[in-house]
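Predicted, not measured: the structure shown is a model, and the values here were computed from it.
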Amino acid sequence: MDGHEEREYLYWLCHVPALGAVKIKRLYDYIGSYKGIYNIEGKELEQSGLLKQTEASIFEEMKRKKDACIAELEKLENRGIHFVTPYDIEYPKRLLSIYGYPMGIFFKGKLPDDERPAVSIIGARNCTNYGKQMASCLARELSVAGIQIISGLAYGIDGAGHQGALEAGGDTYGVLGCGINICYPKENYGLYEQMAVKGGIITEFMPGEAPRPCNFPMRNRIISGLSDGILVIEAREKSGSLITVNLGLEQGKEIFSLPGRVTDPLSAGCNRLISEGAEILLGPDSVLEYFKLQSGNILRVHEKNENGLVKKEKMVYSCLDLQPKNLEEIISLSGLSVSDCLSTLLELELKGCVVQTSHQYYGKKL
């Protein structure tokens, strides 16, 4: 199958409103090619149980727009917008290990470096001056140490984190809940422009997609997915930031929480996180110690030295994190056969790199 042609059909598929990342992958696993998905009747997909009736009719309706979608894809590069898929070498490797990873990502500037540590700085839009200053200061100090800063380019804590990283000359990345050509909120347009040069702007949503409320939980899984640790600066008891934290915990990320006064509603969520086991964020050193800063070189924490692993072991090990994964998911991510994957997992267990937490669930060992 022609890779360029497959990319075009995947780009069209990403435009079908009824289909998300999980459903697109399910269709691909069932049919075996994106062109094959396009050529199959919506009714057949409905009868096979892959699509609901309404999804099947939208799927058929969107077939008429395929040529317009492909023409749009060709114009993107001229506007400085790049589109990458999980099959492209540039696609962030951290994202491949999360459930429902995006089937296509748009970006301006560049994407985070897979080899360098990254943390997300998140928190309240209506934050206090204390919160804003802490977010900015932490981002500055961590950027100087070489850590990449990820956030959502929102008001308040997000913007302060991005700004601090830029002031330090570091790389910072904003993940949008809308199309790549829309800056939301528009007041952050200056940041948006700077980050397209020093860092990047990232989204899985189609160009022109408005910042709808339902987009932001989806956006949050990318923020946490791109990060090795999540820094929560200010969050109410019921806060959107806690969605990102929960996603991060599922993905095996380390959570750092900035303590605050018990009487301050903006610190209620942070203080509760600490009481439930999150690391107390007392300053940049809390994070730097986690990343074990040694001789100016940051080493990725909680990761075994992979140099001693053979090719198949590296492939399987890179698919795992601290949150145990089911064997079926590991097989899917690694691309190995069932027997190869099982024997490789056994070797990794014997070497002390992997632990089987329950029947056919495996995770990295600290």
Side-chain angles (χ1 to χ4, degrees), residues 1-7 9-10 13-14 20-37 48 50 84-105 111-115 118 204 221-222 224-228 247-248 250-253 300-366:
M1 177 59 67
D2 175 11
H4 179 71
E5 189 179 48
E6 277 288 84
R7 178 187 175 82
Y9 279 101
L10 174 54
L13 206 52
C14 288
V22 173
K23 197 152 278 187
I24 290 174
K25 187 173 187 309
R26 196 174 294 150
L27 288 169
Y28 180 82
D29 290 344
Y30 180 76
I31 294 162
S33 79
Y34 296 111
K35 185 178 183 179
I37 296 170
S48 65
L50 287 163
V84 293
T85 75
Y87 310 99
D88 296 317
I89 197 164
E90 309 99 306
Y91 190 92
K93 290 184 177 57
R94 286 177 179 92
L95 288 185
L96 289 173
S97 64
I98 72 170
Y99 176 74
Y101 55 81
M103 297 311 292
I105 284 178
L111 291 167
D113 185 340
D114 292 322
E115 303 304 316
E204 71 177 314
R221 87 188 191 289
I222 300 177
S224 57
L226 288 171
S227 311
D228 300 308
L247 290 163
E250 286 171 16
Q251 295 163 2
K253 312 297 170 131
R300 292 285 293 280
V301 77
H302 297 336
E303 288 200 8
K304 303 284 181 186
N305 185 342
E306 294 185 38
N307 294 340
L309 303 183
V310 296
K311 189 179 177 184
K312 280 182 184 173
E313 290 173 349
K314 282 183 182 177
M315 285 167 68
V316 172
Y317 188 76
S318 66
C319 297
L320 302 172
D321 55 33
L322 299 180
Q323 183 73 12
K325 287 182 180 168
N326 181 268
L327 176 63
E328 194 175 320
E329 190 181 354
I330 300 165
I331 291 166
S332 172
L333 289 169
S334 67
L336 294 174
S337 67
V338 176
S339 59
D340 275 356
C341 197
L342 275 169
S343 61
T344 305
L345 282 164
L346 180 60
E347 286 294 328
L348 288 167
E349 263 191 279
L350 293 171
K351 287 184 177 180
C353 298
V354 164
V355 62
Q356 185 174 181
T357 56
S358 58
H359 182 59
Q360 294 196 330
Y361 275 82
Y362 300 83
K364 285 184 178 178
K365 191 173 180 182
L366 290 178

Applying side chain to side chain donor-acceptor pair (under 3.5 Å), name anything that partners [X], two or more places apart in sequence or on another chain.
| X | result |
| --- | --- |
| K23 | E55 |
| S224 | Q251 |
| S334 | none |
| Y34 | Y87 |

According to salt bridge (charged side-chain N to carboxylate O under 4.0 Å, His left out), who are the partners of D113, at least two apart in sequence or on a separate chain? none
Flag, side chain of [X] to backbone of [Y], donor-acceptor distance under 3.5 Å:
| X | Y | result |
| --- | --- | --- |
| E6 | K35 | yes |
| K253 | G225 | yes |
| D228 | A118 | yes |
| R221 | G100 | yes |
| D29 | R26 | no |

If you draw a 6.0 Å radius around CD in E90, do more than 12 non-hydrogen atoms from other residues or ligands fall strictly inside? yes
So for atom OH, which belongs to Y361, do other residues, nucleotides or ligands contribute more than 12 heavy atoms lying within a distance under 6.0 Å? no
Nearest 0.5 angstrom please: [X] [atom1] to [Y] [atom2], how far?
| X | Y | atom1 | atom2 | value |
| --- | --- | --- | --- | --- |
| I331 | E329 | CD1 | CD | 11.0 Å |
| L333 | L320 | CG | CG | 9.0 Å |
| L226 | I105 | CG | CD1 | 6.5 Å |
| S343 | L348 | OG | CG | 9.5 Å |

Take T344 and Y317, measure what side chain to side chain contact (heavy atoms under 4.5 Å, CB included) needs, and give me the verdict at the end. CA-CA 9 Å; T344 305; Y317 188 76; over 6 Å; no
According to side-chain contact (heavy atoms from CB on, under 4.5 Å), who are the partners of [X], at least two apart in sequence or on a separate chain?
| X | value |
| --- | --- |
| I31 | I37, I40, L45 |
| S332 | K25 |
| Y30 | S48, L50 |
| S337 | S339, D340 |

Note: E313-K351 ion pair, threshold 4.0 Å (strictly below): yes
Is the shortest side-chain heavy-atom distance between L10 and R7 below 4.5 Å? no
Any non-hydrogen side-chain atom of V354 less than 4.5 Å from a side-chain atom of V316? no
Applying ring-ring contact (aromatic ring centres under 6.0 Å, His included), can you list everything that pairs with Y9, at least two apart in sequence or on another chain? Y38
